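Since the structure is predicted, the reported quantities are computational estimates derived from the model, not experimental observations. A note on names: the letters A, B, ... follow the listed sequences, proteins ahead of strands, and every chain is numbered from 1. The basis for the numbers below is simple: all heavy atoms, side chains too, and nothing from hydrogens, waters or symmetry mates.
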Amino acid sequence: MKSMSAHYWLMKSEPDEYGWDDLVAEKEGIWDGVKNAQASNNMKAMKTGEQVFFYHSRQGLEIVGIMVVSEEAFPDPTDETGRWIAVKVKPERKLDNPVSLKAMKQNPKLSELAIIRQSRLSVASVTEDQWQEILAMSQAE
DNA sequence: GCCAACGTTGGC
DNA sequence: GCCAACGTTGGC
């Protein structure tokens, strides 16, 4: 059954606003302010314990670490309309080496990666193969 | 800073 | 219910 397998994810944030170090300092962060249907649906599908790449957008343009879903979808406290949801995440570990967007674009195994195909999607799913490939890239040299 | 891509809004 | 105008995101 394919529903048995854990899902992997990637979420973006501008380090100016909320970067990896901010999450580490907080120990647990609320991922809020997502107002996009596709991104929101991805967040609704997240289960506690699933792993999420933390990507720095605008500045950095690289995956810097891995976080873990610590609380599944609940109403976004920053959203007055009540339409949007948030999740909670905890930092798991920093990658040995960050994996840049440039490097991912150059890797043919990652050509289907959601953030490459659709750069504006801020919360995306990552396949097991893609996840393993990115991890391997973070360990290279 | 610019602008392409994409989503949302609102006039008709 | 279409679509032009507008706003936002994020790579470059």
- Which hydrophobic side chains are connected to A:I30, either touching it within the sub-4.5 Å cutoff or through other members that do? A:F74

- Item | Atom-to-atom span, CD of A:Q38 to P of C:dG10 - whole angstrom | 13 Å

- Rounded to whole Å, NZ of A:K35 lies from P of C:dT9 at a distance of 9 Å

- Of all residues at least two apart in sequence or in a different chain, which pass the side chain to side chain donor-acceptor pair (under 3.5 Å) check with A:E92? A:Q51

- Under the side chain to side chain donor-acceptor pair (under 3.5 Å) test, residues paired with A:W9 that sit two or more places apart: A:E50

- Message: Students often mix this up, so state it plainly: with edges at 30° and 60°, are the rings of A:W131 and A:F53 parallel, tilted or perpendicular?
- Response: parallel

- Apply side-chain contact (heavy atoms from CB on, under 4.5 Å) to A:V34 and list each qualifying residue two or more places apart in sequence or on a separate chain. A:W31, A:A39, A:M43, A:S122, A:V123

- Message: Please enumerate all residues that pass side-chain contact (heavy atoms from CB on, under 4.5 Å) together with A:R58, with sequence neighbours excluded.
- Response: A:E14

- Applying salt bridge (Lys or Arg N to Asp or Glu O under 4.0 Å), which residue pairs with at least one partner in residues 100-119 of chain A are found, sequence neighbours left out? A:K109-A:E133, A:E112-A:R117

- Message: Once you apply a heavy-atom cut-off of 4.0 Å, does A:K105 come out as touching a base, just sugar-phosphate, or nothing?
- Response: sugar-phosphate

- Message: Heavy atoms only, 4.0 Å cut-off, all strands: where does A:K12 land among base, sugar-phosphate and nothing?
- Response: sugar-phosphate

- When you measure from every atom of DNA chain B, which of residues 109-119 of chain A have a heavy atom less than 4.0 Å away? A:Q118

- A:Y55: partners by ring-ring contact (aromatic ring centres under 6.0 Å, His included), with sequence neighbours left out: none

- Proximity to DNA chain C (any heavy atom under 4.0 Å), residues of residues 54-62 of chain A only: A:Y55, A:S57, A:R58, A:L61

- Who are the salt bridge (Lys or Arg N to Asp or Glu O under 4.0 Å) partners of A:E28, not counting sequence neighbours? none

- Return the set of residues passing salt bridge (Lys or Arg N to Asp or Glu O under 4.0 Å) with A:E71 (not counting sequence neighbours), or none when no residue passes. A:K88

With the criterion being N/O to N/O and under 3.5 Å, what pairs connect the protein with nucleotides 3-8 of chain C, and how long is each?
from, atom 1, to, atom 2, distance (Å)
C:dT8, O2, A:R120, NH2, 3.3

